[in-house]
Amino acid sequence: MNDPLVILISMPWGRVDRPSIQLGILQSVLLRAGIRTAVRSFNLAFLDYIVAATADLPNQDRIYLNDYFEVSEDEGRVGLGEWIFAVDPFQNSSERDEQYLNYVSATNTPEELLAKAMQMRRLVPPFLECCVEDALARRPRIVGFSSTFSQNVPSLVLAKLLKSRDPSIHIIFGGSNCDGPMGEALHRAFPWVDTVVRGEAERVLPQLIKDLSNGGVRPHPGLCYRENGQPVAIDQKGSDIPMDEVPLPNYDEFLERLSRSDSRAEILPHLVIPFESARGCWWGAKKHCTFCGLNGTSMAFRSKSPSLVVEELLALARKHGQLNFTAVDNIIDMSYFRDFLPKLQDTGYDFTLFYETKANLKKEHLWAMRQAGIVAFQPGIETFSTPLLKLMDKGVTALQNIRLLKWCAELGIHARWNFIYGFPQEPIDEYDRMADLVKSLTHLRPP
């Protein structure tokens, strides 16, 4: 087989209990365009590396799967994951490290977690060397990184190492961390990142790679690149695509790597297969929730044809022998209750699905979800105060939120919900009222 022209990489701290749908879709897009492409799930490779490297140590010093999860879920507090990968040549400053550790020590970060993070950091340089050797062995001309949450620094340091070893490699960044002004700033701040794709990449990326193969970059929606050494940023407008154009994701590399992983026995019971049936948010297009940072540049709601989603779920289930799926959609298409869910139930497959919804559902909606295999969902419940919900622009009332949790308890559906507080101009007495209210709700699932 010919060496790949393109390698797509997912770095820590991407989830290791599911393949990257970003890489899965983009590999399918590029292969469909006749572009040779390989994928590297270096997030899973890092887990295997740190587990194996500490396997002979006493139990308290060994690194386990749960330690990886703890670090990956910490990105919203102190950013341990990015600090762990902030090594040479990304940065080499003992003074800055000391300042950071002093800051973390002053938080409520558990000492055990911090000790594990420091241990992981010592293992990062040799791990990165393994990644460099693996990638360069395939002689790629283009290397793309998908970055979300705490993947920025891990991706940047590996990209810099690759660029230093082979300056002819063209480095591309994309993903949620590159949306809007974030992508433009990343491109401006890190000169070894040649091009940033902002927004949806299914149409832009194949064109970009073909342009690079022909010797240069042409302007396409959302691109950040350089002309004569000066950064150029093209507006993202026009980068949203119809969902029926998005192909079935290719998860072969991740699942093959997982089959060889020493952690596979721990991961397999929790393995979920991501799928996508919609982008954007139909509620946000009407009234964006005040706290929400999603869909900054692609709010327009689009969904796949119901029959196509069913076909894709069946294809993924047959290919990978899995029935546990999670929708990466921000919100379910309300028309799916009358067409997609009945079609899914008629397949006879015992699917287990996860979706995100609004909380203003009717009981018949929940029953249709339960019948189709949606046994867990995130309904966007954020509080039990109607005045606070109005501040959030949620479009629901406290009664609707409580009623939904009651119906979930009746139907055996796991509702994942949050309690958000600290809004400007919030009526403080609402918290006293809710503190009294929850005494009557102890039979319902807590946030």
Side-chain angles (χ1 to χ4, degrees), residues 66 69-70 72-80 104 106-113 149 270 281-295 326-327 329-332 334 337 352-371 374-447:
N66 192 54
F69 278 129
E70 282 201 65
S72 68
E73 292 168 1
D74 178 75
E75 91 284 326
R77 279 193 330 115
V78 297
L80 272 178
V104 175
T107 68
N108 60 353
T109 301
E111 291 184 10
E112 297 81 1
L113 179 58
F149 297 137
H270 308 286
C281 179
W282 53 261
W283 173 251
K286 299 175 185 177
K287 188 175 288 189
H288 200 175
C289 298
T290 55
F291 61 85
C292 179
L294 301 176
N295 305 301
T326 183
D329 310 9
N330 294 150
I331 192 169
I332 194 170
M334 291 301 292
F337 287 99
T352 298
L353 277 73
F354 171 86
Y355 257 102
E356 294 190 24
T357 73
K358 266 180 69 65
N360 59 343
L361 299 178
K362 298 178 180 179
K363 195 170 185 178
E364 53 261 37
H365 291 141
L366 293 180
W367 178 244
M369 291 166 62
R370 187 69 181 82
Q371 291 290 94
I374 301 177
V375 295
F377 76 132
Q378 184 171 319
I381 295 174
E382 322 292 355
T383 187
F384 290 151
S385 163
T386 296
L388 290 176
L389 287 165
K390 288 181 179 178
L391 280 178
M392 299 178 191
D393 280 339
K394 288 295 295 185
V396 295
T397 65
L399 176 60
Q400 285 176 300
N401 283 347
I402 294 170
R403 185 176 62 183
L404 188 71
L405 290 178
K406 182 192 76 169
W407 289 339
C408 288
E410 290 179 18
L411 298 174
I413 299 175
H414 182 144
R416 302 175 187 172
W417 62 285
N418 312 288
F419 199 94
I420 302 180
Y421 61 92
F423 282 82
Q425 302 177 351
E426 62 186 4
I428 301 301
D429 57 355
E430 281 297 293
Y431 292 101
D432 292 330
R433 190 192 64 77
M434 284 190 285
D436 184 61
L437 172 65
V438 295
K439 297 174 185 177
S440 302
L441 303 177
T442 57
H443 59 297
L444 301 179
R445 182 176 294 278

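A quick note: this is a predicted structure, and the numbers were derived from the prediction, not measured.
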Value rounded to 0.5 Å, distance of [atom1] in [X] from [atom2] in [Y]:
| X | Y | atom1 | atom2 | answer |
| --- | --- | --- | --- | --- |
| Thr357 | Leu366 | OG1 | CG | 7.5 Å |
| Arg416 | Arg445 | CZ | CZ | 9.5 Å |
| Arg403 | Asn360 | CZ | CG | 9.0 Å |
| Met334 | His365 | CE | NE2 | 4.0 Å |
| Leu388 | Glu382 | CG | CD | 11.5 Å |
| Gln400 | Thr386 | CD | OG1 | 8.5 Å |

query: Does a side chain donor of either Tyr431 or Glu426 reach within less than 3.5 Å of an acceptor in the other side chain?
result: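 The answer is yes; a qualifying pair exists.
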message: Looking only at side-chain N and O atoms, does Thr109 offer a donor or acceptor that is under 3.5 Å from a partner on Thr107?
response: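 Yes, because at least one side-chain N or O of Thr107 sits under 3.5 Å from a partner of the opposite role on Thr109.
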For [X] against [Y], the heavy-atom pair lying closest together:
| X | Y | value |
| --- | --- | --- |
| Met369 | Phe337 | CG-CE2, 3.5 Å |
| Asp74 | Gly79 | OD2-N, 3.5 Å |
| Asn401 | Ala359 | OD1-CB, 3.2 Å |
| Pro387 | Glu430 | CD-OE1, 3.5 Å |
| Arg77 | Pro110 | NH2-CD, 4.4 Å |
| Leu404 | Pro379 | CD2-CB, 3.3 Å |

Measuring only between side-chain heavy atoms, which start at C-beta, is [X] closer than 4.5 Å to [Y]?
| X | Y | value |
| --- | --- | --- |
| Lys439 | Thr442 | no |
| Trp283 | Cys289 | yes |
| Leu405 | Phe384 | yes |
| Asp393 | Cys292 | no |

Please check if the number of heavy atoms outside [X] that lie under 6.0 Å from its [atom1] is greater than 12.
| X | atom1 | value |
| --- | --- | --- |
| Phe291 | CZ | yes |
| Glu364 | CD | yes |
| Trp407 | CH2 | yes |

Steps toward side-chain contact (heavy atoms from CB on, under 4.5 Å) verdict (Lys358, Ile331): CA-CA 7 Å; Lys358 266 180 69 65; Ile331 192 169; 3.8 Å; yes
query: Between Gln378 and Phe354, is a side-chain contact (heavy atoms from CB on, under 4.5 Å) present by the stated rule, with each step listed?
result: CA-CA 8 Å; Gln378 184 171 319; Phe354 171 86; 3.8 Å; yes
field: Under 3.5 Å donor-acceptor, Ser385 side chain and Met434 backbone
entry: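 Between the backbone of Met434 and the side chain of Ser385 there is no qualifying donor-acceptor contact (under 3.5 Å).
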field: side chain to side chain contact (heavy atoms under 4.5 Å, CB included) partner of Phe377, chosen from Ile332, Leu361, Leu353
entry: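 Only one option passes, and that is Leu361.
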task: Run the numbers on Leu389 and Thr383 for side-chain contact (heavy atoms from CB on, under 4.5 Å), then give the verdict.
output: CA-CA 7 Å; Leu389 287 165; Thr383 187; 3.5 Å; yes
